[in-house]
Asker: 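Questions regarding the structure given below will be posed in turn.
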Amino acid sequence: MTDQDIETLAPVTHEDVFYSARDGLRLHAADYGRYDPLTRGRLPVVCLPGLTRNTRDFHDLAMLISRDPKAPRRVVSFDYRGRGQSAWDKDPARYTITTEAEDILNGMAALGLEHAIFIGTSRGGLIMHVLAATRPGIMAAGVLNDIGPVIEGAGLAQIKAYLSRTPKPADWAQAASVLAEAHGKSFPALTDADWADFARAVYVERNGKLTPDYDPALLEGLKGLDLNTPLPTLWPQFEGLGAMRLLALRGEHSTLLSAQTLDEMKARVSHLETHTIKGHGHAPILHLSGIPQILTRFFASVDKTRRH
């Protein structure tokens with residue numbers, strides 16, 4: 001059997017879709033369950049990753065959602081410009097949340113997505129805040145994964161410090177070990193197999209070497225941040241999100257989203273559903289630790305609300 005035969009027999013999990021941003025940059029999305037008749041008639045799910053992350057963060061979750069035996073849904077996850085399979089921008093000044101929000105709108109239009117449940121991890125949740133203020137009609141409901149309207153400077157400082165010295169491991173085993181060493185205290189729930197999967201989401205092989213899967217110029221925006229000055233808050237935008245069904249997840253050991261901020265979010269949006277994920281830091285890994293079950297119940301509640 002040839003490699004081509006094996007590839008032909010391999011199950012198709014998703015479609016890689018490429019589309020153009022308004023400025024012509026080639027961007028990528030991973031589309032699950034698009035042509036499955038069982039997903040039709042249900043709200044699709046749009047997944048937005050963190051600052052330096054990509055669609056692979058959502059692969060296992062997207063497989064679970066799109067193949068749910070009771071209520072399968074179409075799932076689309078996006079690579080922002082400069083990440084994953086999307087092209088790198090020649091002008092790093094365009095690596096902004098507002099530009100990325102516009103890219104998501106263009107991607108949704110290209111994929112025929114008019115209305116969806118959004119899941120935003122970290123930066124993805126900030127993009128959701130922008131969309132709630134500018135195009136709320138596209139959002140049927142939202143899931144904020146370890147992000148809110150207040151970003152803790154200490155947590156951002158940790159991210160900045162880690163990204164500034166991200167190592168380039170020699171092989172995949174070392175990649176998993178590096179990540180476990182760097183993040184293990186915040187993620188005691190993860191197994192060796194989970195760290196190996198994590199490595200495959202973070203790194204990519206280029207020219208025989210493993211490297212983080214993003215444009216290094218993306219980090220230029222972090223260099224000028226003065227973390228001794230309080231960061232701007234997004235309470236008005238968050239209250240815009242509160243006009244829809246909303247779920248917030250917080251990692252037990254998160255330093256970016258504080259328990260106090262989560263309490264204030266609940267006080268301002270009384271119907272906000274919140275869960276603290278034990279054994280996780282920033283940001284909880286969405287296919288682990290019972291999170292898919294939390295999301296499935298939330299999706300069902302959104303469906304029920306729409307029917308009434």
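Any value given below was found using the heavy atoms of this structure, including those in side chains, with hydrogens, waters and symmetry copies removed. Just so it is clear, the structure is predicted and the values come from calculations on it, not from any experiment.
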Asker: Rounded to the nearest 0.5 Å, what separation is found between the CE atom of M244 and the OG1 atom of T305?
Answerer: 13.0 Å
Asker: Hey, does the side chain of S86 reach the backbone of D79 with a donor-acceptor pair shorter than 3.5 angstrom?
Answerer: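 At least one qualifying donor-acceptor pair exists.
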Asker: Under 4.0 Å between a side-chain nitrogen and a carboxylate oxygen: does that hold for R74 and D31?
Answerer: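 Yes, this pair counts.
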Asker: Indicate yes or no: at least one non-hydrogen side-chain atom of D89 is less than 4.5 angstrom from one of L25.
Answerer: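 The answer is yes; the side chains approach within 4.5 Å.
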Asker: For the residue pair L144 and M265, establish whether any side-chain heavy-atom pair is separated by less than 4.5 Å.
Answerer: yes
Asker: Starting from Y162, can I reach L218 by hopping between I/L/V/M/F/W/Y residues whose side chains sit under 4.5 Å apart?
Answerer: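 L218 and Y162: one cluster.
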Asker: Using the test ring pair (Phe, Tyr, Trp, His ring centres under 6.0 Å), find all partners of F198 that sit at least two apart in sequence or belong to another chain.
Answerer: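 Applying ring pair (Phe, Tyr, Trp, His ring centres under 6.0 Å) to F198 gives W195.
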Asker: Please give the remaining members of the hydrophobic cluster of L247, linking ILVMFWY side chains under 4.5 Å, ordered by chain and number.
Answerer: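 Members other than L247 - counting any ILVMFWY side chain reachable under 4.5 Å - are Y32, L43, V45, F58, L61, M63, I65, V75, I117, I119, V143, L249, I277, L286, I291, I294, L295, F298, F299, V302.
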Asker: In the structure I gave you, are the side-chain heavy atoms of V130 and E100 within less than 4.5 Å of one another anywhere?
Answerer: no
Asker: Indicate if V204 and W172 have the same hydrophobic cluster label, given that clusters are the connected sets of ILVMFWY residues with side-chain heavy-atom separations under 4.5 angstrom.
Answerer: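 No: no chain of side-chain contacts under 4.5 Å links V204 to W172.
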Asker: Mind checking salt bridge (Lys or Arg N to Asp or Glu O under 4.0 Å) for R250 and listing every partner two or more places apart, or none if nothing turns up?
Answerer: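 Here no residue qualifies.
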Asker: More than 12 heavy atoms of other residues, nucleotides or ligands under 6.0 Å from CD of Q174: yes or no?
Answerer: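 More than 12 heavy atoms, drawn from other residues, nucleotides or ligands, come within 6.0 Å of this atom.
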Asker: Tell me the ring-ring contact (aromatic ring centres under 6.0 Å, His included) pairs involving residues 72-128, sequence neighbours left out?
Answerer: none
Asker: Taking side chain to side chain contact (heavy atoms under 4.5 Å, CB included) as the test, write out the residues that go with R135, two or more places apart.
Answerer: L105, I138
Asker: Does the pair R42 and D68 meet the rule for a salt bridge (charged side-chain N to carboxylate O under 4.0 Å, His left out), with working shown?
Answerer: CA-CA 12 Å; R42 293 192 184 91; D68 185 282; over 6 Å; no
Asker: Taking all atoms of both residues into account, what is the closest heavy-atom pair of A248 and L262, and its distance?
Answerer: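 So the two residues come closest at CB-CD1, 3.9 Å.
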Asker: To the closest 0.5 Å, what do you measure between CD1 (I151) and CZ (R123)?
Answerer: 9.5 Å
Asker: Rounded to the nearest 0.5 Å, how far does NZ of K90 lie from CG of D215?
Answerer: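 Answer rounded to 0.5 Å: 12.5 Å.
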Asker: Once ring-ring contact (aromatic ring centres under 6.0 Å, His included) is applied, what residue pairs with a partner in residues 230-264 remain, sequence neighbours excluded?
Answerer: W235-F238
Asker: What are the two closest heavy atoms between P136 and T134, and how far apart are they?
Answerer: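 Of all heavy-atom pairs spanning P136 and T134, the closest is CD-C, 3.5 Å.
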Asker: Nearest 0.5 angstrom please: L48 CG to M128 CE, how far?
Answerer: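 It comes to 7.5 Å.
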Asker: If every non-hydrogen atom of A29 is compared with every non-hydrogen atom of V76, which pair is closest and at what distance?
Answerer: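 Here A29 and V76 meet closest at CB-CG1, 4.0 Å.
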Asker: Which residues pass the salt bridge (Lys or Arg N to Asp or Glu O under 4.0 Å) test with D146, sequence neighbours left out?
Answerer: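 In terms of salt bridge (Lys or Arg N to Asp or Glu O under 4.0 Å), with neighbours along the sequence ignored, D146 is linked to no residue.
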Asker: When you compare the side chain of V150 with that of E264, does any pair of heavy atoms fall below 4.5 Å?
Answerer: no
Asker: Might you point out which heavy atoms bring R73 and A300 nearest each other, and give the distance in Å?
Answerer: NH2-N, 4.3 Å
Asker: Does some side-chain heavy atom of R94 sit less than 4.5 Å from a side-chain heavy atom of R81?
Answerer: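 The answer is yes; the side chains approach within 4.5 Å.
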Asker: Can you measure from CG (D103) to CG (L27) and round to the nearest 0.5 angstrom?
Answerer: 5.0 Å
Asker: In this structure, are over 12 heavy atoms from other groups packed under 6.0 Å from K266 atom NZ?
Answerer: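 For K266, atom NZ is crowded (more than 12 foreign heavy atoms under 6.0 Å).
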Asker: For the residue pair R53 and T121, confirm or rule out a side-chain donor-acceptor distance under 3.5 Å.
Answerer: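 Looking only at side-chain atoms, T121 and R53 do not form any donor-acceptor pair under 3.5 Å.
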Asker: Quick one: list whatever passes side chain to side chain donor-acceptor pair (under 3.5 Å) with D194, sequence neighbours left out.
Answerer: T191
Asker: Just to verify, what does D213 make a salt bridge (Lys or Arg N to Asp or Glu O under 4.0 Å) with, not counting sequence neighbours?
Answerer: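 Residues passing salt bridge (Lys or Arg N to Asp or Glu O under 4.0 Å) with D213: R56, R206.
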Asker: Please tell me if the side chains of N106 and E102 come closer than 4.5 Å, counting only heavy atoms from C-beta onward.
Answerer: yes
Asker: Calculate, to the nearest 0.5 Å, the distance between atoms NE2 and OG belonging to H14 and S66 respectively.
Answerer: 10.5 Å
Asker: Is there a donor-acceptor pair under 3.5 Å between the side chain of T296 and the backbone N or O of P292?
Answerer: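 Yes, T296 side chain to P292 backbone: donor-acceptor pair under 3.5 Å.
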Asker: Do R67 and T13 pass the side-chain contact (heavy atoms from CB on, under 4.5 Å) test, and can you show the C-alpha distance, the side-chain angles, and the key distance before you say yes or no?
Answerer: CA-CA 10 Å; R67 298 184 177 188; T13 61; 4.2 Å; yes
Asker: According to salt bridge (Lys or Arg N to Asp or Glu O under 4.0 Å), who are the partners of E15, at least two apart in sequence or on a separate chain?
Answerer: R34
Asker: Just so I know, are the side chains of L257 and I147 near enough to count as touching, which here means a heavy-atom distance under 4.5 Å?
Answerer: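 With C-beta onward as the side chain, the pair stays apart.
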Asker: Just do the side-chain contact (heavy atoms from CB on, under 4.5 Å) check on E152 and L256 with the steps written out, would you?
Answerer: CA-CA 5 Å; E152 299 299 325; L256 201 77; 5.5 Å; no
Asker: Any chance you could lay out the side-chain contact (heavy atoms from CB on, under 4.5 Å) test for L190 and L288, step after step, and finish with the verdict?
Answerer: CA-CA 9 Å; L190 270 62; L288 300 177; 4.2 Å; yes
Asker: Walk me through it: do L222 and L51 pass the test side-chain contact (heavy atoms from CB on, under 4.5 Å)?
Answerer: CA-CA 11 Å; L222 290 177; L51 172 65; 4.0 Å; yes
Asker: List the residues meeting side chain to side chain contact (heavy atoms under 4.5 Å, CB included) with T96, not counting sequence neighbours, and say none if there are none.
Answerer: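 Here the qualifying residues are T98, T99.
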Asker: Does a salt bridge link D57 with R83, judged by any charged N lying under 4.0 Å from a carboxylate O?
Answerer: no
Asker: What are the two closest heavy atoms between P149 and T261, and how far apart are they?
Answerer: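 So the minimum-distance heavy-atom pair works out to CD-CG2, 4.4 Å.
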Asker: Could you give all pairs that pass the ring-ring contact (aromatic ring centres under 6.0 Å, His included) test and reach residues 264-285, with sequence neighbours left out?
Answerer: F187-H280
Asker: Work out which heavy atom in H28 is nearest to a heavy atom in T55; give both atom names and the distance.
Answerer: CE1-OG1, 3.8 Å
Asker: Check this for me: D36, atom CG, are more than 12 non-hydrogen atoms of other residues, nucleotides or ligands nearer than 6.0 Å?
Answerer: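 Correct, the count exceeds 12.
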